[in-house]
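Owing to the predicted nature of the structure, the values given are computational and were not obtained by experimental measurement.
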Amino acid sequence: MAFLNDDTRVMLEDSVDKFLNAHYDFHQRRTWVEKAPGYNREHWQRFAELGWLGLPFAERHGGLGGDITDTLGLMRRFGAALVVEPYLSVVGLGGQAIAQADNQDAADSLLPELVAGQAMPVLAWEESISRGNPEHLAASARRIDGGWRLEGEKVAVIGGDLATHFVVSAQTFEDDAGPVVELFLLQADELEVAGFPTMDGHRGARLTLAAVDVDEARRLTRDGHGAGVLRQVLEQGIMMMAAEGVGAMQTLLRRTLDYTRTRRQFGVPIASFQVLQHRMVDMYIAMKNLEHLLEATANRWDQSPSHARDSALLKAQLCQSGRYVGQQAVQLHGGIGMTDELDVGHYFKRLTALGLLFGDENYHLKRAWAAL
């Protein structure tokens with residue numbers, strides 16, 4: 001259930017609009033992503049001051065007492081502006097994993113630092129064998145005196161080379177019942193982090209855990225709860241990505257319509273060509289399909305203990321709509337749609353990345369079918 005009242009949401013979203021209109025420019029964004037750390041640190045601190053980092057966290061942790069659905073309006077605006085700061089990876093994934101885990105001492109210690117913009121915990125769950133499934137993993141955690149020894153590797157950790165802490169998933173081996181998935185909290189300087197830029201201007205990393213020892217206090221989940229927490233966090237993340245995707249598509253539609261009204265061929269604007277009008281209508285329908293499904297998913301969020309089918313269908317629709325709207329926007333812009341200087345191609349890259357994160361369309365269609 002969303003706890004923020006309508007007036008508070010309106011004020012927050014108005015603050016986002018004002019900030020992005022005043023401080024977020026596409027050409028400036030290009031300079032930020034081309035040099036370390038890959039985003040604007042001053043913006044991140046401003047996010048903290050404006051309360052955006054605390055939006056889905058409890059008041060006792062310095063947050064605003066909302067939930068993940070309260071971030072959707074913000075994420076839509078982030079998508080429209082191509083915001084590159086790691087809000088999804090830190091607030092939506094790493095922070096939410098800590099907040100929903102069993103270890104309240106860790107949450108009480110770290111979440112206030114996250115809300116203040118001082119800590120950046122990131123979720124590291126995906127491996128080369130995962131293919132979207134958080135329970136397919138090879139990383140292991142074995143008992144040692146006073147704690148655990150973690151070994152393994154994580155790939156495609158979004159925001160990984162920006163993190164101060166990692167929430168790492170691993171199979172634990174405690175008894176004859178077989179391995180279960182649990183979550184552990186590690187500091188960034190305890191493991192090998194190989195950062196890299198992603199195609200959409202964001203950052204990623206590969207993590208290597210070479211016999212990393214942690215004490216019991218940094219075990220975040222117990223009794224096999226790690227898999228459930230991971231599922232819940234990733235389903236919430238899909239909603240945030242869908243909201244970002246809607247914002248990006250709305251901007252692409254507006255850019256494309258403006259361009260076709262300006263570009264002339266045979267003495268008339270190409271927007272007057274019926275075949276192009278039909279394609280732009282199809283783009284609008286694809287965007288609306290995602291927007292309406294997102295609204296329906298958010299409205300049902302607190303009404304069911306399981307969101308597997310809703311999140312799977314939403315992710316599949318994000319893949320379909322993002323691919324279609326992005327491809328058509330680039331094509332309708334012609335040759336300039338492929339240039340790095342025009343923002344259209346960058347929106348298409350971000351939509352493509354959102355479609356690939358957390359499993360592709362086929363994986364989530366199978367999930368939806370299995371959840372029937």
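The closest donor-acceptor contact from the side chain of N103 to the backbone of A217 lies under 3.5 Å. The backbone N or O of L183 lies less than 3.5 Å from no partner atom in the side chain of S169, so there is not a single donor-acceptor pair. With hydrogens and angles disregarded, a donor-acceptor distance shorter than 3.5 Å links the side chain of N299 to the backbone of E295. In this structure, the side chain of T251 engages the main chain of A80 through a donor-acceptor pair within 3.5 Å. At distances below 3.5 Å, not a single donor-acceptor pair connects side-chain atoms of Q328 with backbone N or O atoms of M280. Between the side chain of N133 and the main chain of E135, a donor-acceptor pair closer than 3.5 Å is present. Judged by distance alone, with hydrogens and angles left aside, the side-chain atoms of H225 form a donor-acceptor pair with the main-chain N or O of R222 at under 3.5 Å. Side chain of R350 to backbone of H346: no donor-acceptor contact under 3.5 angstrom is found. In this structure, T339 contributes its side chain and G335 its backbone to no donor-acceptor pair below 3.5 Å. With hydrogens and angles disregarded, no donor-acceptor distance shorter than 3.5 Å links the side chain of K154 to the backbone of L209.
Of all non-hydrogen atoms in M338 and V330, the two that sit nearest each other are SD-CG1, 3.4 Å. Taking both residues in full, the closest heavy atoms of F19 and R46 are given as CE1-CG, 3.3 Å, listed atom of the first, atom of the second, then distance. Scanning both residues, L114 and P121, for their nearest heavy atoms gives CD1-CG, 3.4 Å. Of all non-hydrogen atoms in S311 and I238, the two that sit nearest each other are O-CG2, 3.6 Å. Considering every non-hydrogen atom in both I270 and Q265, the closest pair reads CG2-CB, 3.8 Å. Closest approach of R29 to G201, counting heavy atoms only: NH2-CA, 4.4 Å.
I285 belongs to a hydrophobic cluster with V281, counting contacts under 4.5 Å between side-chain heavy atoms of Ile, Leu, Val, Met, Phe, Trp and Tyr, direct or through other members.
Using a 4.5 Å cut-off on side-chain heavy atoms (C-beta onward), I158 and L93 make contact. Annotation: side chain of H165 is not in contact with side chain of V122 (no heavy-atom distance under 4.5 Å). In this structure, the side chains of D108 and H61 come closer than 4.5 Å at one or more pairs of heavy atoms. Between V214 and R219, the closest side-chain pair of non-hydrogen atoms is not below 4.5 Å. Looking at L365 and Y363, their side chains never come closer than 4.5 Å, going by heavy atoms from C-beta outward. Between L12 and L74, the closest side-chain pair of non-hydrogen atoms is not below 4.5 Å. A heavy-atom distance below 4.5 Å is not found between the side chains of Q187 and F166. Between W369 and R309 the shortest side-chain heavy-atom distance does not fall below 4.5 Å.
Counting only N and O atoms by type, the side chains of Q317 and S321 include a donor and acceptor under 3.5 Å apart. Counting only N and O atoms by type, the side chains of Q100 and Q236 include a donor and acceptor under 3.5 Å apart. Checking E244 against Y87 by side-chain atom types alone, no donor-acceptor pair falls below 3.5 Å. No hydrogens or angles considered: nothing links the side chains of H23 and N40 as a donor-acceptor pair under 3.5 Å.
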Check step by step if side chain to side chain contact (heavy atoms under 4.5 Å, CB included) holds for R203 and T198. CA-CA 5 Å; R203 303 290 303 178; T198 58; 6.0 Å; no

Evaluation steps, ring pair (Phe, Tyr, Trp, His ring centres under 6.0 Å), between H202 and Y39: CA-CA 8 Å; H202 288 245; Y39 71 102; over 10 Å; no

Pair R231, H307 - check side chain to side chain contact (heavy atoms under 4.5 Å, CB included), show working. CA-CA 9 Å; R231 289 286 188 190; H307 311 100; over 6 Å; no

Output, in order, the C-alpha distance, side-chain angles, deciding distance and verdict of salt bridge (charged side-chain N to carboxylate O under 4.0 Å, His left out) for E13 and K18. CA-CA 9 Å; E13 292 173 2; K18 289 180 178 178; over 6 Å; no

Yes or no on salt bridge (charged side-chain N to carboxylate O under 4.0 Å, His left out) for E190 and R218, after CA distance, side-chain angles and deciding distance? CA-CA 13 Å; E190 293 182 297; R218 289 193 285 165; 2.6 Å; yes

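Of the charged side-chain nitrogens involved, at least one lies within less than 4.0 Å of a carboxylate oxygen, so that E361 and R323 count as a salt-bridged pair. Between E126 and R206, none of the side-chain N atoms (NZ, or NE/NH1/NH2) sits under 4.0 Å from a carboxylate O, so this pair counts as no salt bridge. Salt-bridge formation is not detected for the pair E235/K315: no Lys NZ or Arg NE/NH1/NH2 atom is positioned less than 4.0 Å from an Asp or Glu carboxylate oxygen. Taking 4.0 Å as the cut-off between side-chain N and carboxylate O, D340 and R30 count as a salt-bridged pair.
Remark: E192 CD is loosely packed, at most 12 non-hydrogen atoms of other residues, nucleotides or ligands lying under 6.0 Å away. Annotation for M11: atom CE does not count as buried by contact number, only 12 or fewer foreign heavy atoms lying within 6.0 Å. When the shell of 6.0 Å around CD of E341 is examined, it contains more than 12 heavy atoms from other residues, nucleotides or ligands. Crowding of R131 atom CZ: a count of heavy atoms from other residues, nucleotides or ligands under 6.0 Å not exceeding 12. Crowding of H292 atom NE2: a count of heavy atoms from other residues, nucleotides or ligands under 6.0 Å exceeding 12. The environment of CD in Q28 is crowded: more than 12 heavy-atom neighbours from other residues, nucleotides or ligands sit within 6.0 Å.
If you run side chain to side chain contact (heavy atoms under 4.5 Å, CB included) between T256 and each of Q331, R279, R261, M283, only M283 comes through. With F184 as the fixed residue, the side chain to side chain contact (heavy atoms under 4.5 Å, CB included) test singles out one of T172, V212, T221, L220: T172.
In summary, the aromatic rings of H364 and F358 are positioned with their centroids too far apart to meet the 6.0 Å limit. Ring centroid separation for the pair F173 and W148 does not come in under the 6.0 Å cut-off. Here Y24 and F78 keep their ring centres 6.0 angstrom or further from each other.
At a threshold of 4.5 Å between side-chain heavy atoms, the hydrophobic network of Ile, Leu, Val, Met, Phe, Trp and Tyr places L357 and I129 in two separate groups. Following chains of ILVMFWY side-chain contacts shorter than 4.5 Å, one cannot reach W125 starting from V180, and the two form parts of different hydrophobic clusters. V90 and F196 are not part of a single hydrophobic cluster, where members link through side-chain heavy atoms under 4.5 Å apart. The cluster map of Ile, Leu, Val, Met, Phe, Trp and Tyr, joined by side-chain heavy atoms under 4.5 Å apart, puts W32 and L162 in the same cluster. By the criterion of side-chain heavy atoms lying less than 4.5 angstrom apart, applied directly or through intervening Ile, Leu, Val, Met, Phe, Trp or Tyr residues, L252 is grouped together with L276 in one hydrophobic cluster.
Taking CE from M199 and CZ from F348, the interatomic distance works out to 8.5 Å, rounded to the nearest 0.5 Å. To the nearest 0.5 angstrom, L82 atom CG is 7.0 Å from F26 atom CZ.
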